[in-house]
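What you see is a predicted model; the values in this text were computed from it and never measured.
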Amino acid sequence: MFNNLRVEISFKDLDQLNKKLEFCVNKKIYKINIPCKGNIKKDFLLEVVKFIGIKYKSLDVIYHYSLYHQFHKNRSLSYQKFLNFIELNKIYNKSNEILLVSGSKKREQFEVLDVLEKLKFDLSKNTKFGVAFNPYFFEVKESQIERDRLMHKLNTYFVKSIWLQFGSNVYQLEKEIKFLNQMLVNSHQFIDNKIDIYGSLFIPSKQFLARFKFRPWKGIFLSNKYLNSLEESKKITKKILDFYYKNSIIPLIETELSTEKQFIESQNFID
């Protein structure tokens, strides 16, 4: 089952990363996402790319690149650092794809759309990027802005994949995926290759619900019904997972998955 989805792992240092990757390999989990947040940024992120590229060449790794966390002094230097990262990824990683995100706070004139437009003058279309899309905005104005931003991203010709934010409103998800599929079918001018769609997934637990209620994450919309009942949150997440499968959306498991207990619980939930 885990061969058909991706797993995101977080870590504090290379030793912890190594232990988690060994666990994944032992469980035949080969498709890994590495986030760009917390300690995983700047020079340490570069170390990670080299470490995995040398020791775990068989893994299919997609690195996230947060323009917020990777900002260096000014836009010019930050952009050059980004180009350097692209080259490093080509050397050490067989996956020619990077998930490019603006970050929790958008930098002025240095967010995803700005960078993708600038890349037209520096890169061939051989380099591909993933971009984020949040289908859970319930305000019509915000939803339209998100749609327009996605359209502009796709128009750069650099986009290989779309990564859906997690949420709890299944009907809103269905509506936006219907729009997304129609857009991809009808807009041939920016589709020169197949666009993969990935969907974020958190497997509910009491700890996750309590943590989110205490400190909600920006951009993630979870209903009171979801947050106040573990049973309901599991039902909703199951519906989302079923919807992913029916619509050829590849799940990205963001729940911690580094122990036997976590693996079994996740496997039982996904199966």
Side-chain angles (χ1 to χ4, degrees), residues 1-12 16-35 37-38 40 52 56 58-62 64 95 99 130 132 134-136 161-174 177 196-217 219-271:
M1 175 58 71
F2 281 94
N3 289 332
N4 300 320
L5 46 76
R6 304 193 66 87
V7 172
E8 180 178 306
I9 61 172
S10 294
F11 44 90
K12 296 180 180 179
Q16 189 178 55
L17 169 62
N18 188 56
K19 290 177 181 177
K20 289 191 176 186
L21 289 178
E22 285 294 324
F23 181 84
C24 288
V25 171
N26 288 335
K27 295 300 181 183
K28 298 182 179 180
I29 300 172
Y30 303 117
K31 297 177 181 180
I32 304 294
N33 278 46
I34 303 294
K37 60 184 180 181
I40 314 171
I52 296 178
Y56 293 95
S58 63
L59 293 180
D60 176 356
V61 183
I62 292 180
H64 302 192
S95 172
L99 174 52
N134 192 335
Y136 294 101
S161 58
I162 298 169
W163 298 73
L164 307 176
Q165 181 61 279
F166 184 66
S168 63
N169 189 329
V170 182
Y171 301 107
Q172 183 68 17
L173 173 64
E174 291 174 349
I177 295 305
D196 294 320
I197 303 178
Y198 297 89
S200 174
L201 194 78
F202 287 91
I203 299 173
S205 66
K206 289 182 179 179
Q207 183 184 31
F208 171 74
L209 298 180
R211 185 183 302 164
F212 190 89
K213 282 195 287 186
F214 177 71
R215 184 174 294 174
W217 300 344
I220 297 185
F221 301 103
L222 300 177
S223 66
N224 289 330
K225 184 178 182 181
Y226 178 100
L227 291 172
N228 293 325
S229 169
L230 181 58
E231 183 180 351
E232 285 297 327
S233 65
K234 288 183 176 180
K235 287 180 182 178
I236 292 170
T237 305
K238 277 285 189 183
K239 288 181 181 178
I240 291 172
L241 184 60
D242 289 341
F243 179 81
Y244 284 172
Y245 287 144
K246 289 176 183 176
N247 289 272
S248 300
I249 297 170
I250 305 164
L252 168 65
I253 306 299
E254 296 195 53
T255 303
E256 179 69 18
L257 189 61
S258 57
T259 67
E260 193 68 32
K261 183 174 182 290
Q262 291 168 344
F263 176 80
I264 292 173
E265 289 175 350
S266 297
Q267 190 175 45
N268 290 339
F269 187 89
I270 293 167
D271 290 343

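Between N169 and F221, every side-chain heavy-atom pair lies at or beyond the 4.5 Å cut-off. With a 4.5 Å cut-off on side-chain heavy atoms, S168 and Y136 do not count as touching. Two residues are said to be in side-chain contact when any heavy atoms from C-beta on lie closer than 4.5 Å; Y56 and V25 meet this criterion. No side-chain heavy atom of F23 sits less than 4.5 Å from a side-chain heavy atom of I9. Taking the side chain as every heavy atom from C-beta outward, F243 and I177 approach each other to under 4.5 Å. With a 4.5 Å cut-off on side-chain heavy atoms, E254 and N33 do not count as touching. Side-chain contact between N228 and K213 is present, with at least one heavy-atom pair separated by less than 4.5 Å. Using a 4.5 Å heavy-atom cutoff, the side chains of L252 and L164 are not in contact.
Here the shortest heavy-atom pairing between N134 and G219 reads ND2-O, 2.7 Å. Contact record, L222 with L227: O-CD1, 3.8 Å, taken as the closest heavy-atom pair. Taking both residues in full, the closest heavy atoms of S95 and V61 are given as CB-O, 3.1 Å, listed atom of the first, atom of the second, then distance. The two residues L59 and I29 have their closest heavy-atom pair at CD2-O, 4.1 Å. Closest non-hydrogen pair, R6 versus D60, comes out as NH2-O, 2.8 Å. Residues L99 and I62 come closest through the heavy atom pair N-CG2, 4.0 Å.
A side-chain donor-acceptor contact under 3.5 Å links Y244 to the backbone of S200.
Salt bridge status for K37 with E8: present, with a side-chain N to carboxylate O gap under 4.0 Å.
In this structure, CD in Q262 is found 5.0 Å from CD in E256, a value given to the nearest 0.5 Å. Between E22 atom CD and K19 atom NZ the span is 11.5 Å, to the nearest 0.5 Å. Distance check: I32 CD1 to L21 CG gives 6.0 Å after rounding to the nearest 0.5 Å. I250 CD1 to Y245 OH: the interatomic distance, rounded to the nearest 0.5 Å, is 11.0 Å. For the atom pair CZ (F11) and OG (S258), the distance works out to 12.0 Å, reported to the nearest 0.5 Å. If you take CD1 on I203 and CD on Q267, they are separated by 10.5 Å, rounding to the nearest 0.5 Å.
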Legend entry - Derivation of the side-chain contact (heavy atoms from CB on, under 4.5 Å) call for I270 and I253: CA-CA 10 Å; I270 293 167; I253 306 299; 3.9 Å; yes
Inset, instruction - Decide side-chain contact (heavy atoms from CB on, under 4.5 Å) for L17 and I40; before the verdict, give the C-alpha distance in whole Å, the side-chain angles of both, and the deciding distance to 0.1 Å. - result: CA-CA 11 Å; L17 169 62; I40 314 171; over 6 Å; no
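More than 12 heavy-atom neighbours from other residues, nucleotides or ligands sit within 6.0 angstrom of NZ on K238.
With K234 as reference, L230 is the one residue of T237, I236, L230 to meet the side-chain contact (heavy atoms from CB on, under 4.5 Å) rule.
Ring pair W217/F202: centre-to-centre distance below 6.0 Å.
Cation-pi check for K27 over F263 is met; the charged atom lies under 6.0 angstrom from the ring centroid and within 45 degrees of its normal.
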